[in-house]
Novice: 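My questions all concern the structure below.
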There are 2 protein chains.
Amino acid sequence: MVSIKDVAKLANVSVTVVSKALNGYTDVNEQTRQKVMKAAEELKYSPNMLAKNLKQKVAKSIALIFSNFERADGKDGVLVQIMSGVFEAANKHKYEVVIYTRSLSEQQDKSYWKFCKEHKISGAIITGLKTTDPYFQEIIDSDLPCVVIDTMLSGANTGSISTDNVLAAQQAVEHFIDKGHRNIGMMNGHEFAVVSKQRLEGYQKALELHGIPYDDRLVINADFSETKAYEMTEGFLQEYPHMTGVFMSSDLMAIGFMRRCHELGVQIPDQISVMGFDDIVLSSYMMPKLSTVRQDFHEISFTAFEQVIDILENKQKGTHIFVPFKIVDRDTIKVLQSP
Amino acid sequence: MVSIKDVAKLANVSVTVVSKALNGYTDVNEQTRQKVMKAAEELKYSPNMLAKNLKQKVAKSIALIFSNFERADGKDGVLVQIMSGVFEAANKHKYEVVIYTRSLSEQQDKSYWKFCKEHKISGAIITGLKTTDPYFQEIIDSDLPCVVIDTMLSGANTGSISTDNVLAAQQAVEHFIDKGHRNIGMMNGHEFAVVSKQRLEGYQKALELHGIPYDDRLVINADFSETKAYEMTEGFLQEYPHMTGVFMSSDLMAIGFMRRCHELGVQIPDQISVMGFDDIVLSSYMMPKLSTVRQDFHEISFTAFEQVIDILENKQKGTHIFVPFKIVDRDTIKVLQSP
DNA sequence: AAAAATATCGAAATCGTTTTCGATTTAATT
DNA sequence: AATTAAATCGAAAACGATTTCGATATTTTT
């Protein structure tokens, strides 16, 4: 393998000069710089990042951590969108990204923190972190700059980012209300996600704002799972036949719900309206097309990256950031009466 | 940061002994090993991988290269499936994986090869490589063990892996023929993918085997693009109204085709049958559900990983591997007559 | 008891860089 | 011409691990 020594030899200078020439130092004569460049070119030299990062004590790379990778069956395209956002930002800031996946099914010997430490990683972006995660506190307490997606926390080195879930949920059910609905159910995700609490709060808020009494029997928990939603819809529908619409905490659940409705012969949106959350790719391909609130995952992860850079390079404190969402009304909400 | 020196000091031994104790060498007394372990534990020591890999000249990590990342809009879930396969294999073999994405839209300063070299990466898995890619030859000639997905080549250090595209395509159109179809069109992908050529070959083979003359006007090129397929279907349908079915080189194109048919009021499968290729997640959610040939991308990437390990650790020569596919008949093929 | 074999340890070299700081040369200033 | 300043270079010390090889202590063999 060709090292800096080899190019030094060929260019007839010291390794110091080679290093300086290649890294834009000013105390090297332009002619010798050319000489060095030519030698490096000739030998097809490329620096050993391991040595480089070792010396500099830190690698210019940030970790993208998927803490629930087993759920990533590709149905929602969000994982890809998240990747796309961080890769774009990484490219912009000249960082590298290393992905660390963790699935709960397999025992994990290593915590994120240990992983990042071992690799001298500068910062991290974390997704899919449950509040019950054993490493939750570790992350927050650590001195590693990191921002976690879809939660709310802030510390010296930790920030977070998400869409404004309570506002989004509120607007979503207000959308129902605007179309004349008064009996609106909700299918929520599991309680270990902070987004579940927030969306429920938004749901309640909208109801309260429009003088509709809150009935906790109308909100059930389907664990963010398509099949669980599928299984629960029949009972849900039978038990509360006066519901005219249901707000789902995720598109995946909405799809499970719709599929079961289709089998049961209940027409959407004629007999029951539904609104999802996320706007995954499947949603616009459904028949009928699913109305939902669109989260901009690309923007979320891009901004997440920029925040870790901010606290890394600009010594900013961690904070929480909201990124804009959008209600997208397609074909699954029936208008009962004009507003 | 706590280094090996610190634990040596605490354990009251030399760094040599610490290193040996922690790496399972036999020439260290069991008691001192315990002592070292305890000290390491106490200090929360974790080795600096950069230094470790630097010394060992090579990192135990393989690169997963997406050479056309901009296409990864998450519509097909294949990217995720591929990731899932290699992460699983990596976990099994105790390797780490680093992902390198390249999009053609942004100028790329660095070739895969350079990237891998700089990071002392042991091997690589490459996807989305076009034959026209400027780095194509570089990869093949390099001494870096790598296997590229969806192509056919083999060398000392390079292998490849894919489904048997010609056989799969052949069986797909034979499936048409079995159902009584004789006038079968094809919508192929761009010519820079070897899979296009192979699937066309399978198409031709099936026709020939059943005495159906090949008409090259019945196969058009929609570039693997959903919208392009969408745009071309009306003309295609009008020009060759005698077609009873069309074999698509990808599900995404099939979906574009179906969407246009829906708008045009042509019934699927009553007026025209369609068969896709890939079995992406969207396919089973279509109405009607798309019949297609299923590629097992998880298996493909998993096996790809194992092959690079094979040529890396077992000094095997690179080769081409086929992984099984499956014709999955859903609701988009009409039976014209019993076989 | 002497010799040989074994067990256990540590000093030091090494991996490929970066970076400090002093040395030397050249140019600018007085 | 003497002094000062600027430009350019290189020796050497890190970074944090691994690994070779010799040293010492202990045990076994003769």
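Order of the sequence lines sets the chain letters (A, B, ...), proteins ahead of strands, with each chain counted from 1.
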Novice: Distance check needed: D:dT8 P versus A:Asn29 CG, whole Å only.
Specialist: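 Rounded to whole Å, this separation is 5 Å.
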Novice: Grab the NZ-P distance between B:Lys5 and C:dA12 for me, whole Å please.
Specialist: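 Taking NZ of B:Lys5 and P of C:dA12, I get 14 Å after rounding.
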Novice: Just checking, any donor-acceptor pair under 3.5 angstrom between side chains of A:Ser154 and A:His320?
Specialist: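 No pair is found: no donor N or O on one side chain lies under 3.5 Å from an acceptor on the other.
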Novice: A:Glu306 and A:His93: side-chain donor and acceptor closer than 3.5 Å?
Specialist: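 Judged by distance alone, the side chains do pair up.
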Novice: Want to settle it: does B:Lys120 or B:Asp27 sit nearer the 5' end of DNA chain C, counting the closest nucleotide to each?
Specialist: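 In this pair, the answer is B:Asp27.
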Novice: C:dT14 C1' sits how many Å from A:Leu50 CG, rounded?
Specialist: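 Interatomic distance, CG of A:Leu50 to C1' of C:dT14: 15 Å.
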Novice: Would you tell me if any nitrogen or oxygen in the side chain of B:Asn23 comes within less than 4.0 Å of OP1 or OP2 on D:dT18?
Specialist: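 Affirmative; the distance criterion is met.
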Novice: In whole Å, I'd like the distance from the NZ atom of A:Lys55 to the P atom of D:dA12.
Specialist: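 To the nearest whole Å, that distance equals 16 Å.
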Novice: Nearest to the B:Ala51 side chain among D:dC9, D:dA17, C:dT17, which nucleotide is it?
Specialist: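 Among the listed nucleotides, the one closest to the side chain of B:Ala51 is D:dA17.
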Novice: CG of A:Asn53 versus P of D:dC15: gap in Å, rounded?
Specialist: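 These atoms are roughly 16 Å apart.
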Novice: Which label fits A:Tyr112 and A:Tyr100: parallel for a plane angle under 30°, tilted from 30 to 60°, or perpendicular past 60°?
Specialist: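 A:Tyr112 vs A:Tyr100 ring planes: perpendicular.
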Novice: Residues from residues 9-20 of chain B sitting under 4.0 Å of DNA chain C, heavy atoms only?
Specialist: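 DNA chain C contact set from residues 9-20 of chain B: B:Val13, B:Ser14, B:Thr16, B:Val17, B:Lys20.
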Novice: If only side-chain N and O atoms of A:Tyr25 are considered, is one of them under 4.0 Å from the OP1 or OP2 phosphate oxygen of D:dG10?
Specialist: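 No.
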Novice: Just verifying a value: how many Å separate A:Glu118 CD and B:Ser46 OG, rounded to the nearest 0.5 Å?
Specialist: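 Rounded to the nearest 0.5 Å, the CD-OG separation comes to 4.5 Å.
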Novice: Looking only at side-chain N and O atoms, does B:Lys52 come under 4.0 Å of OP1 or OP2 in D:dT18?
Specialist: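 The answer is yes; a side-chain N or O of B:Lys52 sits under 4.0 Å from OP1 or OP2.
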Novice: Starting from P on C:dT18, measure out to NZ on A:Lys60 and report it in whole angstrom.
Specialist: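 Going from NZ in A:Lys60 over to P in C:dT18 covers 14 Å.
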Novice: Does a nitrogen or oxygen in the side chain of A:Gln56 sit under 4.0 Å from OP1 or OP2 of D:dA14?
Specialist: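 Answer is no, no contact under 4.0 Å.
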Novice: Between atom CD in B:Glu118 and atom P in C:dC15, what is the gap in whole Å?
Specialist: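 After rounding, the reported distance stands at 20 Å.
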Novice: To the nearest Å, how far apart are B:Met49 CE and D:dT18 C1'?
Specialist: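 Going from CE in B:Met49 over to C1' in D:dT18 covers 13 Å.
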Novice: Below 4.0 angstrom, N of the basic side chain to O of the carboxylate: do A:Glu41 and A:Lys38 qualify?
Specialist: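 Not counted as a salt bridge, because no side-chain N and carboxylate O are separated by less than 4.0 Å.
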Novice: Would you find a donor on one side and an acceptor on the other, under 3.5 Å apart, between the side chain of B:Arg33 and the backbone of B:Tyr25?
Specialist: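 Yes.
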Novice: Of the options D:dA17, C:dG16, C:dC9, whose atoms approach the side-chain atoms of B:Asn48 most closely?
Specialist: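 My answer, after comparing the listed nucleotides, is D:dA17.
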Novice: To the nearest 0.5 Å, what is the distance between CD1 on A:Ile300 and CZ on A:Phe322?
Specialist: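 Answer rounded to 0.5 Å: 11.0 Å.
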